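All values reported here derive from a predicted model rather than from experimental measurement. Below, chains carry the letters A, B, ... as their sequence lines are ordered, and counting in each starts from 1.
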Amino acid sequence: MAKRVAILQFPGTNCELDTQYAFKKLGCETEIVWHKNNKLPENIDLVVVPGGFSYGDYLRSGAIARFAPIMQDVANFAQNGGNVLGICNGFQILVEAHLLPGAMMRNENLHFISKQQYLKVENIDNKFLANLNIGEIIKAPIAHAEGKFFIDENGLSELKENNQIILRYCDATGELSNPNGSIESIAGICNRERNVFGLMPHPERAIETILGSTDGIRMLEGFLK
Amino acid sequence: MDKLDLLYEGKGKKLYSTNDRDLLIAEFKDDLTAFNAQKRSQESGKGILNNEISTIIFGELSDSNITTHFVKKLNDRDMLVKRVSIIPIEVVVRNVATGSLTKRLGIPEGRELKNPIVEFYYKNDAMNDPIINDEHAVIMGLVDEVVELENLKTQARKINEILKPFFAKVGLRLIDFKLEFGKDKNENIILADEISPDSCRFWDSTTGEKLDKDRFRQDIGGVKVAYEEVKNRILTLQKVYKAIVNIYLKDGVLDSAGKAVNHALGSLGFGNSVNDVRIGRQIILKISANSKSDAEKQTQEMCESLLANTVIEDYNIEIING
């Protein structure tokens with residue numbers, strides 16, 4: 001049976017159609033869910049909080065979206081073990097909503113960074129990256145101004161103890177590199193229960209050769225098993 | 001913050017422990033009792049009114065530098081308070097003769113007293129809360145030192161000086177009221193309990209109508225309507241304040257923008273004097289509140305829930321008259 005994916009849409013979201021395109025291509029049923037809804041659709045397998053600039057990034061990225069009506073049900077869904085994936089602004093929203101630990105800050109060089117980025121797979125003991133190999137180097141675009149992940153020392157050691165760091169930024173050879181000043185080059189994490197994921201790179205923009213990478217397919221396919 | 005164990009149930013409130021050992025939750029009940037609980041009733045919604053009225057009064061007192069156990073109102077019925085050990089003395093301040101003063105001493109009902117008087121009652125239901133003097137209080141060990149009794153009287157008089165004109169502004173004559181004090185963890189004596197129409201007598205300045213628990217004691221009826229009237233009148237004293245919130249990255253969190261500006265200042269020749277630059281943001285709010293401390297508490301909650309990201313940011317708040 002086709003997996004059902006709900007894709008959230010806030011004012012200022014701009015990656016919902018790309019995300020829908022990607023999941024349709026993978027054979028999923030998709031539904032775009034307006035932020036003012038109180039309830040997610042029935043029987044869904046995955047909620048994606050896509051990229052963009054929800055509420056114009058006013059105050060802080062994700063800070064206002066967090067209080068949108070739909071977010072309460074997303075929190076319930078996550079609490080009951082449902083899979084939630086936050087991409088870019090979606091990652092920022094999940095962090096602000098405390099569904100993922102840490103905080104997002106402006107890129108260290110204060111620039112908006114938009115480029116193809118190599119990533120190192122740090123953990124595959126999770127649904128999202130189960131199709132990949134530990135230490136594998138993959139490629140996906142990043143496009144953000146506030147992608148510098150920050151977490152305090154205690155939080156960082158907890159992330160490490162529980163293997164919650166799933167992706168790090170690196171160069172073509174796999175040497176860690178850091179486009180935005182993120183702590184320990186962290187590009188993506190999951191929660192302790194391993195059902196809520198956040199990453200700054202855009203897997204939905206890495207699904208066709210013409211886009212420069214197809215690694216995104218193998219990532220997103222993890223949710224289809 | 002959640003209620004854990006029920007520590008104490010009094011006539012008007014229940015006290016619960018919380019996960020912070022220095023803080024308790026006071027839940028305001030609907031029970032009405034008089035004559036040391038020989039007369040009992042319930043007035044649905046009374047607890048909610050007393051919680052709201054007490055919240056406003058504690059805020060007003062705090063603005064005038066009276067330290068109280070009040071931390072914040074949590075919801076309709078619950079108030080977060082500091083844990084104190086209650087001094088078992090009911091401190092009563094009287095401005096106008098009524099009640100026991102009239103019955104016991106024959107001072108005509110309604111006579112304005114030349115000076116406010118302060119009385120002590122031993123807080124003991126089994127003994128019917130008997131009146132006591134300073135020497136009794138010391139002999140009975142209700143306080144550790146005589147000087148603490150002076151402290152109670154001084155605070156009670158000061159509170160009267162604040163509340164009398166406060167209520168007068170909304171046409172309420174503060175006839176008399178009861179206070180309870182407790183010692184906080186630093187052994188400071190601070191105001192505790194509640195201040196509401198359960199613990200005060202209010203007469204309408206023009207009509208003399210009673211707007212307090214005497215309506216229950218004397219079977220006048222309309223208890224809740226009267227309490228509601230008191231609340232509505234003091235709510236008209238709400239003011240607009242300006243809250244200035246400064247938010248900046250915590251020490252130890254790299255401020256890239258600050259660093260860039262620091263560099264720029266260096267290249268302009270300020271490098272010798274400028275050691276560090278932090279760039280924050282300022283949010284200015286206009287808020288209606290009952291007191292400055294109320295405005296500050298509200299703003300603080302807004303900072304914690306939305307305005308600041310406390311993982312990476314610190315904030316400070318300045319409240320000025322709007």
- prompt: Between B:V311 and A:F150, which heavy-atom pair has the shortest distance, and what is it?
  reply: O-CE2, 4.0 Å
task: For atom NZ of B:K169, decide whether the heavy atoms of other residues, nucleotides or ligands shown that lie under 6.0 angstrom number more than 12.
output: yes
query: Of all the residues in residues 46-70 of chain B, which have a heavy atom that comes within less than 4.5 Å of a heavy atom in chain A?
result: none
Residues, nucleotides or ligands: over 12 heavy atoms within 6.0 Å of B:K29 NZ: yes
Interchain donor-acceptor contacts below 3.5 Å (chain B, chain A):
unit_1	atom_1	unit_2	atom_2	d
B:S256	OG	A:E108	O	3.2
B:S305	O	A:R66	NH1	3.1
B:L306	O	A:R60	NH1	3.1
B:L306	O	A:R60	NH2	2.8
B:L307	O	A:R60	NH1	2.9
B:N309	ND2	A:E96	OE2	3.3

message: What part of B:I247 gets within 4.5 angstrom of chain A, counting heavy atoms only: side chain, backbone, both, or neither?
response: neither
statement: When the 4.5 angstrom heavy-atom criterion is applied to A:L110 and chain B, the contacting part is side chain
- request: Identify the two heavy atoms, one from A:L59 and one from B:L306, that lie closest to each other, and give their separation to 0.1 Å.
  value: CD2-O, 3.4 Å
Test item: B:I312 and A:M104 side chains (from C-beta on) under 4.5 Å apart, heavy atoms: no
- prompt: Crowded around A:F112 CZ? As in, over 12 foreign heavy atoms under 6.0 Å?
  reply: yes
